Amino acid sequence: MPIDKMTILCMVIAFLLGLLVRSFLPNYVKKKAENLATKEDIGDITQKIEDVKIDYATQLEETKAALMSRISTHSYRFEKEYEVLSQLTECLVEVRSATLQLRPIFDRVDLTESEDERKNKRLDRLYDARKTLFQVRETKRPFFTKDIYKSILEIDKTAHHESIGYELHSPNDLKRDYWEDAEKNQETITQSVEQAMTKIRERVRSWDALQ
């Protein structure tokens, strides 16, 4: 049976279609699938990067807030401690001054005053100074260091000793140890106050390292 031209043409077209389906179409589908997978991977990676950025930003803000809160707390604490140390310094200066004026080596006296009047006036000043120091020392005790507290106790002890020596004795007794004792107490109170104030200065300077 003879084959006409139309049949041949159909066979050729069928052959070409078969070749296209077997060779080109699988590669095309595969490529499309790969592209689709790549886009999905990129989208997933991009989302993960965004998630990390958000998490990092959140942690950064939390850390910043905690740091600012800590700085604020330390600043408030240092401010309050500074106020206490300032009060203690003023009290220490007054106690030292009141102690040294009890029986100075070179004394100036008011001739209109009796010895008892002069003693009571000077002792009252020291009593008031020690009382003020005691109140600040004890009520503010939790807000300053133990070594400063101990130094203040020693200062008060020396001031008390000097006040007893001044109250119970007189230079008119002609006892040599009256002035020796006075000079010793004056030297001790001066050195003790200076040591306490040095500790206060060191405490204030230590805040720079803590901040």
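Predicted model only: the values in this text are computed from it and were never measured.
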request  = Using atom types as modelled and distance alone, determine if a side-chain donor or acceptor of Q101 lies under 3.5 Å from a backbone N or O of A98.
outcome  = yes

query = Is the side chain of N120 donor-acceptor paired with the backbone N or O of D116 at a distance under 3.5 Å, no angle test?
reply = yes

query = In chain order, what residues pass the salt bridge (charged side-chain N to carboxylate O under 4.0 Å, His left out) check against E113, with sequence neighbours excluded?
reply = K121

key: Non-neighbouring partners of E183 that pass salt bridge (charged side-chain N to carboxylate O under 4.0 Å, His left out), sequence neighbours left out   = none

message = Does anything in residues 147-171 form a salt bridge (Lys or Arg N to Asp or Glu O under 4.0 Å)? List the pairs, not counting sequence neighbours.
response = R103-E162, R130-D156

ask   = Can you name the one residue among K199, Q195, K146 that meets side-chain hydrogen bond (donor to acceptor under 3.5 Å, both in side chains) with S151?
value = K199

What distance do [X] atom [atom1] and [Y] atom [atom2] have between them, rounded to the nearest 0.5 Å?
| X | Y | atom1 | atom2 | result |
| --- | --- | --- | --- | --- |
| L153 | S192 | CG | OG | 11.5 Å |
| N185 | T158 | CG | OG1 | 7.0 Å |
| D181 | I164 | CG | CD1 | 11.5 Å |

Under the side-chain contact (heavy atoms from CB on, under 4.5 Å) test, residues paired with [X] that sit two or more places apart:
| X | answer |
| --- | --- |
| E202 | T198 |
| T112 | D110 |
| E83 | E79, K80 |

Run the side-chain hydrogen bond (donor to acceptor under 3.5 Å, both in side chains) test against [X] and tell me which residues pass, sequence neighbours left out.
| X | answer |
| --- | --- |
| R137 | none |
| S97 | R125 |
| Y149 | E138, R141 |
| R122 | D107 |

key: Trace of the side chain to side chain contact (heavy atoms under 4.5 Å, CB included) decision for T99 with L126   = CA-CA 6 Å; T99 303; L126 178 57; 3.3 Å; yes

Transitive ILVMFWY side-chain link Y127 to L92, under 4.5 Å = no

L88 and L133: CA distance, side-chain angles, deciding distance, side chain to side chain contact (heavy atoms under 4.5 Å, CB included) verdict = CA-CA 7 Å; L88 288 174; L133 177 61; 4.3 Å; yes

